[in-house]
Structure formats: C-alpha cells, structure tokens
S.K.: 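Quick one: the structure is below, questions incoming.
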Amino acid sequence: MPFEKVESSPDFPAMERHVLKFWAEDGTFEKRKALNAGKPKWSFLDGPITANNPMGVHHAWGRTYKDAYNRYFAMTGRELRYQNGFDCQGLWVEVEVEKELQLKSKRDIENLVPGNVEASIDKFVQACKDRVNTFARVQTDQSIRLGMWMDWDKTDEDWAKSPDDRKSYFTMAERNNFAIWSFLKKCFAKKLIYRGYDVMPWCGRCGVGISEQEMKEGYKLVEHRACFVKLPLLDKPGENLLVWTTTPWTLTSNVGAAINPKLAYLKVKLKNEVYYLAKGVFKQDRMASSSGDDEQPEAQAPGKKSKREWLDGVPNLNTIEQMFKSKAGKGESYEIVGEVKGEEMLGWRYAGPFDDLPAQQSEYGFPEEVAKIVKQNGWCPAVTGAAAHRVVSGGDDVSESEGTGIVHTAPGCGGIDFAWGKANGLPPVAPIGDDGCFHKGFGSLESKNAADPATADVVFEELKKKDRLFGIERYVHRYPHCWRCKTELLYRLVDEWFIGMGTWECGVRSAECGVEDKKEEYSFRREIAKVVEKVTFLPESLNGRARELDWLKNMGDWMISKKRYWGLALPIWVDEKDPTDFEVIGSREELKERAVEGWQEFDGHTPHRPWVDKIVLKNPRTGNRMFRIPDVGNPWLDAGIVAYSTLPADWRPADFITESFPGQFRNWFYALLALSTMMSDGEVPPFKTLLGFATCKDQFGHDMHKSAGNSIEFNKAADEGGEIKDPKGATIPFNAIGADVMRWLYCRQNPASNLLFGPKPADEVRAKFHLKLWNCYSFFVNYAIADGFDPTAEQVPVKERPDIDRWILSDLQGLIRTARESFESFDVMRFALVAEEFVDSKLSNWYVRRNRDRFWSRNAELDAAGLKDKLAAYQTMHAVLTTLCRLIAPCVPFLAEVLWKNLRCTADPESVHLVDYPSVDESLIDQQLSDDTEALLNLVTQGGAARNAAKQKVRQPLAELRVFSDAEPVKRALARFAETLQDELNIKRVIASAEPILTAAVKLNMKTAGAKIGAKRKDVDAALKAITAEELAKQFRTGPVDLGGVVLDSADLSVEYVAPDGWAGVADRGTQVAIDARITPELRAEGLSRDVIRFVQENRKKARLELSDKIVLHVATTSNELSDVIDTHKDAIMAAVQAVELVAGQFELASVFGAIKLEVGELTIGIRKADG
RNA sequence: GCGGGUAUAGCUCAGUUGGCUAGAGCGCAGCUCUGAUAAAGCUGAGGUCCUUGGUUCGAAUCCAAGUACCCGCACCA
C-alpha cells in the first residue's frame, strides 16, 4: 500500500514538529548541501539578528524570505553558504544586562566588584557575552522551528566553541572585530579619523553620546517649560535684552546673545525698563506653524493656516505683545520707544543670568578639561564666561520664527551655540557630567540632573531672586530622546571620534549638474554613492536607491565612539601627553608588534575591554607612551563589516540580502555599503540585490508593543497559542498558528506594505490555502488507497487523457513558469497569490469537483476504457499534487514535505527538499484548451447568475441556456464543453446564439441626472422611449445628448440588459447568457424527484449507513402530484439512493424516519437497511 | 520647511499602455449542494474611485492645485 490514510482535520503544528524530527534524524539538510556542493554559487548574506531576546513574530517575516529564497536557489541547483548571523555587541545588550543585574548607572557597573573598576568591567562584559550566547541559542532553536535551513550550532559542543569557530557568525567574534580594525586603519590612512569636540546629544542615563543615526529614532512630542529672561545691558542702564529658551538649565552656562544683523529690533518700554526684541516676533501668532521665512509678514496667505503640533491640555501660547500687556497691569500698557537694526547691537555687553557661579569665573571655559582643549586649539582668548557676555551675530540662523529673535547662547550646551562661540571667541561653559548632572561649580544646582523638571524650578527661583525672570510658559515641541531607554537627551560638550565622510559636491553628480570634479579631494561619501549605483533596491516602489542617496547627501560625519563597555574596542591609541597625537592599529598582529606593555595580560583574551585596555604602545615620534581610548565602537560597524568578515572572497559580493527597511537606509544598508566601499576601494558592492520589507503590525493595524499586550511571541504563534488584546483592551485568545501558516502569510504579503499579523489573518490564510490544498490531497489519497492506485504504473499518454486532465496539466505549466519568474525576481508574493488561485479555483473548485465520479466509480463496473480513464485521473492528480509540493516547498516546507512523503514513489528522494524545482514542460501546454476552459468557467459563473436572476435553484432542471458572444474561446467552449455546462447548470440544452439575446434598456441614473432633469422628467422619459439603446450609445460617442430638452451625459444613464419574457439573463464583457426560466410539467416533476432523492440521502446519512448499504425505502405523501412524481421517477430515485425496494407506507418496518414539507405537500419517508 | 508615497466597498487590498457595466478576500445577508461532509459552492447588498479644475470621443488611470494620512530628510534657541 503506497499511501497512508490522511486525516481530514490536520493538526499542522504537530505535523511540523514531526517533520523537524524527520529532517534531524534523516540529515536531510546535510544531504541537500552534499547534492549542491561544487555547483554554481548563490551567495546570501544574512543581516545579523540582535541576540538579546527571544524572537517575535516580526522577526519571522524576514527569516521566511531568507529561507524561502535560499530553498528556491537550492532546489534549482546552486551551492549556498547557509550562514546565519548574530549581532552581539552594543548598548542594547548592556541595557538588558543592567536590568538583569539591577544596575542603575555607569557608576554601578564600574562598582560591580566593589572598589575594582577593571574587574567590574570584566564581569560586566562577561555577563554581556553570556546573555548573547543564551539568546543566540534561543533564537537558533526558534529559527529551526520556523523551518529555516541554516548551518546551525545545535549541540552543547557547538556552543562551547568560541564564536569564531561556530557555524553561525557572531559580530563579537575576533574575526569580526579585527576586520573592523583593518577598516578603521584604512580610514586612518586616508586621514578620515578625527577626534571631535562638539556639542552632541547625550543620554545621561546610558552615559553615551547619541549619533545622528540614533537620534532620528527618538524624537517625541513633549512639553517643557520655556522661559523669557532679562539680560541687562551693562552700558545702557535700565535696558535689557529679552531672550527665550526651552532648556532653562543651560542659562547657567550662558555666554553670549546672538542676533541677526539684518533684522529690525524693537525697544519696548514697560514700567520704566526697556526690552529689546525682534520686531517680527512681537505680535506674531505663535501657534501658527513656523512658516519658514518671513518676507511677507502682513500678506495673508489664504488657506494656509496650519497649526503647529501641540499636546492636548497644554494652553495655547500667548503672543509676546499679550505678555507685555498683562505684565503692564490694569489700565497700563507698554510703549514702543524705538527701533534699531540688529547690526547696531553687535558687541553690546550685558550681565549674564548666573555670573555669580564659580563656573563662570574660569578662563577659556569650564570645566578644566574643556578649558585646556579650548586653549590648546585657540578657540577663544583668555576670558571667563562672565566677562565674555556680549551680543554676537548668529547670522540667518537667528530667525523670527520662534523666541524673541535674540538667542541665548551657551557654547557648552548647544550645537550651533558651540559654533557661534568658536566664531566669536566665546568660552564654552559645560555644565553637566556624563551622568547628566551638574558639575561642581554651579552652586545650588550642583549634582542636580539637568533633565529633571525640579531642576528647572531651581533655575526659575534663582532667576526670580535676581529679577531676571520675565515669564514662564508651557511649551510643546519635538525633542530627542534616547532610542533605547527613552530618557530625554541633553546637549553636552563631548569629545568623540568620527569618520569624516567628505563633501557631496566634489564630483559625484558632476555629470548631472556640471560641478567640477575636485579629483584631488577624497570624499568617502561620494565613493559610497558610486557603489550605491551598482546595486538593485527592491521593491521598486520604495525607491530605495533614492533614499540611500538622500541619506548619503545629508548625513554628517560618522560618530563611531561610545563611552561604554561592551563592544568593539576602538583601536585608537593616544599619546599620553598630546591628545591630538593618535594612531589606529589595524590588526592583532600589528598590535602585538607595537605593544610595549600589557601583551602578556591581553594574550588569550578577546579584543574587548578591559583586557585590550592594558596594551600600551610607544609613540615613535615622541617616545611617549600611548594608551587606548576607553571608547567602544558604534555597533553598526559590527554589522557593516560582515560582507567582508564573514563572506569569503569567492562569495563576494552577496547576491541577495533582505531586511526590514525602516531605518536601515541609514543603519545596516548604509554601514554595509560604507564598509565595503572602503574595504574594496570602491570596487565591490556588498550585495547585488536588496529586498526591503515594511513593518509587522497587529491585526488591527497598530504597532505591536509588549506593554499594549498586542505583540505575539514566536513560540506562542508557532506552538503554544496565547492571547492578544484588541485596541479596546479586550482579550482575544488564539490557538497555535504554526510555522507554515505564518510563512505563507509572509510570502503572500506585499513587502512594500505593512503586514497585519494575528490569529484572524492566520485563520483566513489557512482556510484559503492550507486547508484547500489539504482537502484536495486527502480526497486524492483516500480514494487512491481504496482503489489501490499505483503511482508507478505505466502512464496513460497525456494525449489520450480527457480535456480536463490536459487542461489542468497545461495550466500547471503556467504556474511553474510564474513560480520561477517570481523567485528569480525576488517577488515571491506574485507566486503565492497565483498559487492560491490555482489551488482554489482550478484544482479544488473545478478539477476535483468535476472529477469526483471518476474517482469513486467502481473498478468492477468499469470496462477497459473506463479503467484507463480512471487511471488517467489518478495520474493527472498525482502529477499536479507532487508538482505543487515542489513548487510551494520553499514557502511552506513542512506542508510540502508531509504531502511529498505520502505521495512520492519509492524511487523518488525521501524529501521534497532533495528534489529539483519543477521546470516547465512545453509539451504539456495547450494554450487553446486553457483559454477555452477559462471561458467555460466564466460561462458557469454567468449561468449561475442567470439562474439566480430566474430565481431557480440548481436542483430544478431547466430547458435551455443560450449564449451569445464574439469571443472565440467562448464559442469554442460552447461547442466543446456543452455537456459539462448542461451538467453543471442542470440544463437540458445549451445553444450558441448567433444574435444578441438580451435587449439593452437604458435607465436614468437619478443620482446624477436628477438635478439636471428637475421638472422635465416626463419629457425625458418620452425621449428615452423613442430612441433605441444602440442609437443612444452612438450619440453619446460625440458628447452629451439632448433628451427631451435636457442635456445629459452618459453618466446620467445606466444600461440594464433585459431578457425576453420567460427568460432570465446576464451580460458580461460582450458575452450574454440567458436561461429559459419556464418550467414544464416534466421539468417540475424531475425537480421534485430530485427533492425526494436529496431528502432520502440526508436520512441515509443520519442513519449512518455505509456507502455500499442497500435500503428499503418507505414513502408516503399528502400530495397527489408528488405521489405521481415518485411513481414516474421510481427507477431513478431507487438507483440514486440504492433502494432495492420501494414501499408505500408501512413505516412500522423502517428504522429511520423523516418528514419534510415541500411546496407541493408533505413527504414522509422511512428507511430500513436491506438484508444481505 | 523640503522631498517621496498613498487615498478605490464596513475592513484589508487588486485594478496592466487611458476603453465598454470598477474587482477580490474577509465581514454581513440570503441561498445551494450533500459520496471531499466539522468540507465545498453560489448570489446579493454595500462605491462621490479624497476634492476641484484640466487634457481627451472617453479618466480610478494622465496633468495641475488643494486636503488627509504615511515615509524619508531638515529644523527644533
């Protein structure tokens, strides 16, 4: 017996676990690898998954693509690497470990081993490594469960190996870290590495600078308290500058006040004091969206009143004028006493708001380290902050769109402030340390956290005491937050390390915009852009290349340092006495060669902190010792190098990568491109094709959040089941979805759109695809078993098989072609949708349904031709199912395997994944047959619609169906498949009509025409009656038509097709189908007899009779007509229900009874199983 | 603010180079079939194809302006 019986309601997750066991025991994956060894390479590069937590279902989307394309290319005979990657290093792991160990700050980390910083860091780094190993293993198991075929590390032995020796790649591996060193060395050789002192966003909790890339992920709309502050002018008693800030804590570090020399400034007098502020801001509606640039201050731009983003519950902003009015008090007012040009104000000295602080008394700025660097770089003369206060020019960066037009400038607290400071010789006062708290030297603010609202209160109190506070308001704006821990960022003067990206202008677009190529000047940015031109971004609709170029054009220099612990040790060693003298080491060997101290201790450790910090070099220029900077690297370096560190040279560039695209054009895609560009000197891109895909949302379209209860863990989706919350918070439980249902959901999704994941879409997809296919399969197998079908029996030549067999084989070739084209163009969605259509409309709803009697016919009752026909049906269906298995195997490897294992012949490979992907067999394509059958299927649908129009159920036979059509396939289908059509629609005759059957009737579309017609309705109706539909249509071709004095266009009319009396019909695209709805007494009788049969069958089922059981049928009816019908159709009824005897009444002998009310009267039946 | 995308049924989305009566799935309503049967099928209701203007014999489709949402970039004193 070649086939095993098939369950009608399968437990897919259980089956999948079974298949996994088989693959493991059989070594199927290894067999596939062996099969393809030495064949042409197909190089896939896995984007590393962060090994920091268990997988969620959103990870499974990308991993399904990865596996499906890998499997397709394996089945088409390519050699693959099958290497999965884990992203290991970086702050996200540190944050989780901090939570685990309940650490709150960097100080806690450095005190893990009390009093021993080095041992503490070692312990912390080890904990990070352990966490990565733990979750890499969890994710490995989960990926295996998803059906992903990769070279996995499975055993304890595998996991005991160093990351360098495992099968998956790990970004924490030495290979990876040292590869980045060599990259940085190349950058250094091109003089791109530099140390930057700049004001950068900083996370006080994590104690790290936030790079441009990271900052973009953390903007949030928040409320702050902004304040207006008086800055008294030293040489103009009673006069003040008025400045505004949203970050009161920075006032402590005020050094300058910036104006725009081109603007006009008002002198506003209020209660004997004069305030300066920009003219344009005084009466400005501050709730209007900042409308770029002024120019036409009064001119009302109509319809352009966009309101600025605001939070509910925060009062609208007052105009500055209003503030002056209300401060003036009852009956009083302000007075405008003059106007000055901005440039006249330059150089005015003023008293700062916090000049009493020690920090303001330090020459070259504060604190000392900063002052030192400022002095060394000559950024300002030897002045203190307090002594430096004056009005400087901010140029056009000072605008009238916000604030007062005079900008409080704290070069230690803001990016542009720092630049203005350097330009004007103002010393930077940097108030906060790496924990976000005030340094010593800031009086009552010392050690207060700058982000804490209570700190602002202290500032306001101080200002009030000094009478410097003009006003406080609640202000809403978008402000950056730490993308990891959500803490508000602070701008802080830091020294970080950067890769200079060069300018965009020098040459990249020279061809386009005629910019002269300054060939001497190297631009990293430009080099990357050239490489970007060499790769393909999919899906096309996302314009990936344009996005990447846009980022390249606009990005700043790349900040690569992080003041943290767990990560790439930046291989930068600095002279102990000269912070500007540094070197970059490019390899472990070079390090060993150059080390003068610490090698012994370092040797045997990975290049991580704290061990690598022990290495000391000697500066060949000065003879001084050089120490490694304590910084670790930006983790995108880790992921960006993998095209080099993990792909061997003969596998480069990768043919394909795929990742979720939001954010990645500036993260992974960018890093890959950047590092490959440098490593290959602009020659080799990291990949040829990139497939991006969107974001996974819940089934209601909302973002998945653990806290909202709508995210789904992978294990729950795969095996365990669980529950989710809907947007209203109601709990929805769900059963295990299983891997293949998920995988199909992902495969059929448009990658450019967000995917809605959840039990509901899963159920839909299962019902639509998996269960339909399963039904076809189980139908086939269960009959094949009963009939003893032998798939290895000699094939009935395809030419000798009936149309329906040759049709489905022909259409199957079309599906194969689509499948291959789709996979080759990385468009698996196209294949999936066509495959669904094939299974549903073609296989299940037509082939299987139309062929049921071929399968259930009895061998004993068949002649030679009958047996051959039956064999043809089995062979056709077997071919279709086995081919389908292979076609869908890359997408749903489990389902395909289950089907294959039962359907395959003994000579076939034991796994579908060891078989070649199907190729189109041209000899099986019969285009005309495919077209004709499609026409037939349309006729069936239309015939059904006509029946509906006639209000006649299919059980009632009807006399005639007429079809009129110009289309050749329809005409041929009518000739060829008349019998099928008769049977399908329960019609006695099908006739092809040479002339239209239906008459077009034109009706008014009162929705649109009503208003035009108004009172002339009668005239229009008359005009309509007087003209034929054909004539009307002709007139409409040249424009609107005058009907009864009303000019109508074609949209005002609608056409309905009307069948002749006694008929019902429908029309669709040039094909008219009409059905004779008149029921003759004979037809009526036949219909009634079918009612009787149906009712008996229902009762047979109730009586649980076997298919082969014969019965004795008892009948009684109140209707003479029905009684006659039963008499006339006695033979047909008895044959259909397998009755050996028909008895009137005598129900006492029957075992099952039923009674039903038909339209003609009541029918009562009884059934008794016949003896023998 | 700049650039890109999207807008089609209650929901999720198709809709080719402009072309005849705008489609599918789900949901809803009704019905059918009863030897795939805890399956299957059919039909229906439901559309201002975002708005306005233009091109055209003809626009969901092309053009312009506007509106809303999404994405990217910039700014955020």
Side-chain angles (χ1 to χ4, degrees), chain A residues 8-9 216 219 226 243-247 250 257-258 289-293 303-304 306 394 397-399 401-410 413-417 420 477-480 491 541-543 546-548 550-551 553-555 661-663 665-666 694 699-701 750 752-754 756 760-761 763-765 767-768 771-772 774-780 782-783 833 836-837 840 844-845 848-849 852-853 855-856 940-941 944-945 947-949 951 953-955 1000 1007-1008 1033 1036-1039 1049-1050 1054-1057 1066-1070 1093-1094 1097-1098 1100-1101 1106-1108:
Chain A
S8 59
S9 45
K216 296 179 194 311
Y219 274 100
V243 298
W244 174 82
T245 180
T246 58
T247 49
T250 62
S289 170
S290 50
S291 54
D293 265 294
K304 210 183 177 185
S306 55
D397 287 327
V398 176
S399 74
S401 61
E402 247 169 332
T404 63
I406 304 176
V407 179
H408 145 63
T409 302
C413 304
I416 208 163
D417 308 45
W420 289 340
H477 58 166
R478 283 163 54 74
Y479 193 83
Y491 285 81
S541 64
L542 292 177
N543 287 321
R547 288 188 192 205
E548 194 61 64
D550 189 49
W551 164 249
K553 207 182 293 182
N554 293 305
M555 67 182 179
F661 65 82
F665 289 99
R666 60 169 183 267
Q699 67 187 33
F700 308 100
N750 177 356
S753 321
N754 290 337
L756 308 190
K760 193 176 160 215
D763 288 345
E764 272 178 30
V765 134
K768 189 192 190 82
L771 287 174
K772 285 242 169 69
W774 189 264
N775 273 331
C776 295
Y777 158 73
S778 89
F779 173 85
F780 168 81
N782 290 338
Y783 279 95
L833 295 182
E836 276 179 8
E837 176 71 15
D840 184 14
S844 172
N845 192 29
V848 171
R849 195 165 59 76
R852 278 184 293 193
D853 53 358
F855 289 96
W856 70 56
V940 169
T941 307
R947 254 189 180 282
N948 253 53
K951 296 202 165 64
K953 57 192 175 187
V954 180
R955 215 184 313 158
K1007 247 188 206 169
T1008 62
F1036 269 121
R1037 254 168 235 160
T1038 54
D1049 50 57
S1050 53
S1054 63
V1055 182
E1056 278 178 19
Y1057 286 92
V1066 294
D1068 182 55
R1069 287 167 220 280
I1093 292 169
R1094 201 203 136 254
Q1097 298 289 29
E1098 199 177 303
R1100 272 188 66 115
K1101 195 175 147 197
E1106 291 291 324
L1107 278 184
S1108 51

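We use all heavy atoms of the structure for the numbers below, so side chains are in, but hydrogens, waters and symmetry mates are not. Sequence lines set the chain letters: A, B, ... in the order given, protein chains first and strands last, and positions in each chain run from 1.
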S.K.: If you take all heavy atoms of A:Q699 and A:P761, which pair is closest and at what distance?
M.R.: OE1-CD, 3.5 Å

S.K.: What residues form a ring-ring contact (aromatic ring centres under 6.0 Å, His included) with A:W774, not counting sequence neighbours?
M.R.: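 So A:W774 forms a ring-ring contact (aromatic ring centres under 6.0 Å, His included) with A:F12, A:Y777.
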
S.K.: Can you tell me how far the OH atom of A:Y479 sits from the OG1 atom of A:T247, to the nearest 0.5 Å?
M.R.: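 A:Y479 OH to A:T247 OG1: 6.5 Å, rounded to 0.5 Å.
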
S.K.: Atom CG of A:D853 to atom C1' of B:U34: distance rounded to whole Å?
M.R.: 15 Å

S.K.: Give me the distance, rounded to whole Å, that separates B:G72 from B:A77 when you measure between the C1' atoms they each carry.
M.R.: 25 Å

S.K.: Locate the shortest heavy-atom distance separating A:W420 from A:A258; write the atom from each residue and the value.
M.R.: CZ3-CB, 3.5 Å

S.K.: Please list, chain by chain and in numerical order, all residues satisfying side chain to side chain donor-acceptor pair (under 3.5 Å) with A:E837, sequence neighbours excluded.
M.R.: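 By the side chain to side chain donor-acceptor pair (under 3.5 Å) rule, A:E837 matches A:S841.
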
S.K.: Rounded to the nearest angstrom, tell me the gap between atom NZ in A:K553 and atom C1' in B:G4.
M.R.: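 Nearest whole value for this atom pair: 13 Å.
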
S.K.: In dot-bracket form, how is RNA chain B paired, counting a Watson-Crick or G-U wobble pair only if both its distances are under 3.5 Å and using | for bases paired to another strand?
M.R.: (((((((..((((.....[...)))).(((((.......))))).....(((((..]....))))))))))))....

S.K.: For A:A752 and A:A694, work out which heavy atoms get closest and say how close.
M.R.: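 Heavy-atom minimum between the residues: O-CB, 3.8 Å.
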
S.K.: Give me, pair by pair, the N or O atoms of the protein and of nucleotides 36-41 of chain B that are less than 3.5 Å apart, along with how far apart they are.
M.R.:
residue, atom, partner, partner atom, Å
B:A36, OP1, A:R852, NH1, 2.8
B:A36, N6, A:S844, O, 2.7
B:A36, N1, A:S844, OG, 3.3
B:U37, O2', A:K1101, NZ, 3.3
B:A39, O2', A:N775, ND2, 2.7
B:G41, OP1, A:D840, OD1, 3.3

S.K.: Below 3.5 Å is the cut-off: list the nitrogen or oxygen pairs between protein and nucleotides 69-71 of chain B, distance only.
M.R.:
residue, atom, partner, partner atom, Å
B:C71, O2', A:R547, NH1, 3.2

S.K.: Using atom C1' in both nucleotides, what's the gap between B:U32 and B:U21 to the nearest angstrom?
M.R.: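 Going atom to atom, C1' in each nucleotide, I get 26 Å.
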
S.K.: Is the ring pair A:F855/A:F780 parallel, tilted or perpendicular, if the boundaries are 30 and 60 degrees?
M.R.: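 The rings of A:F855 and A:F780 stand perpendicular, inter-plane angle above 60°.
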
S.K.: A:W551 side chain: which of B:A77, B:C26, B:C73 is closest?
M.R.: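 Selected nucleotide: B:C73.
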
S.K.: Take the protein atom CZ of A:R666 and the nucleotide atom C1' of B:A74, then report the distance between them rounded to whole Å.
M.R.: 13 Å

S.K.: Taking the minimum atom-to-atom distance to the side chain of A:E764, which one of B:A77, B:U12, B:C26 wins?
M.R.: B:C26

S.K.: Mapping A:T247 and A:G663 onto RNA chain B by nearest heavy atom, which one lands closer to the 5' end?
M.R.: A:G663

S.K.: In whole Å, what separates the C1' atom of B:A59 from that of B:C20?
M.R.: 14 Å

S.K.: Enter the distance from A:D550:CG to A:R666:CZ here, rounded to the nearest 0.5 Å.
M.R.: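 The distance works out to 11.5 Å.
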
S.K.: What is the minimum heavy-atom distance between A:C776 and A:V848, and which atoms define it?
M.R.: SG-CG2, 4.0 Å

S.K.: Where do A:T250 and A:T245 come nearest, in terms of heavy atoms and distance?
M.R.: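 Shortest heavy-atom contact: OG1-OG1, 4.0 Å.
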
S.K.: Determine the interatomic distance between P on B:U6 and the same-named atom on B:A24; round to the nearest Å.
M.R.: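 The answer is 24 Å between these two P atoms.
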
S.K.: Nearest whole Å is fine: how far is B:A24 C1' from A:N750 CG?
M.R.: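 After rounding, the reported distance stands at 15 Å.
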
S.K.: Taking the P atom of each, how far is B:G19 from B:U12, in whole Å?
M.R.: 26 Å

S.K.: Write down the distance separating the C1' atoms in B:G18 and B:G58, rounded off to the nearest Å.
M.R.: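 So the two C1' atoms sit 8 Å from each other.
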
S.K.: In whole Å, I'd like the distance from the CD atom of A:E837 to the C1' atom of B:A14.
M.R.: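 Nearest whole value for this atom pair: 12 Å.
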
S.K.: Apply side chain to side chain contact (heavy atoms under 4.5 Å, CB included) to residues A:Y491 and A:D417 and explain how you reach the verdict.
M.R.: CA-CA 11 Å; A:Y491 285 81; A:D417 308 45; over 6 Å; no

S.K.: If you measure from the P atom in B:G15 to the same atom in B:A9, how many Å do you get, rounded?
M.R.: 15 Å

S.K.: Just the rounded figure in Å: distance from P of B:G3 to CG of A:D550.
M.R.: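 Computing the A:D550:CG to B:G3:P distance gives 12 Å.
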
S.K.: Please enumerate all residues that pass side chain to side chain donor-acceptor pair (under 3.5 Å) together with A:E836, with sequence neighbours excluded.
M.R.: A:W744, A:R748

S.K.: I'd like the P distance from B:C2 over to B:C49, given in whole Å.
M.R.: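 31 Å, rounded to whole Å.
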
S.K.: Taking NE2 from A:H477 and C1' from B:A74, how many angstroms apart are they, rounded to a whole number?
M.R.: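 After rounding, the reported distance stands at 17 Å.
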
S.K.: What is the distance, to the nearest angstrom, from the CZ atom on A:F665 to the P atom on B:G72?
M.R.: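 Rounded to whole Å, this separation is 10 Å.
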
S.K.: Of the nucleotides B:A74, B:A14, B:A77, which has the atom closest to the A:N554 side chain?
M.R.: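 Shortest atom-to-atom distance from the side chain points to B:A74.
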
S.K.: So which heavy atom on A:R547 is nearest to which on A:F665, and how close?
M.R.: CD-CE1, 3.7 Å

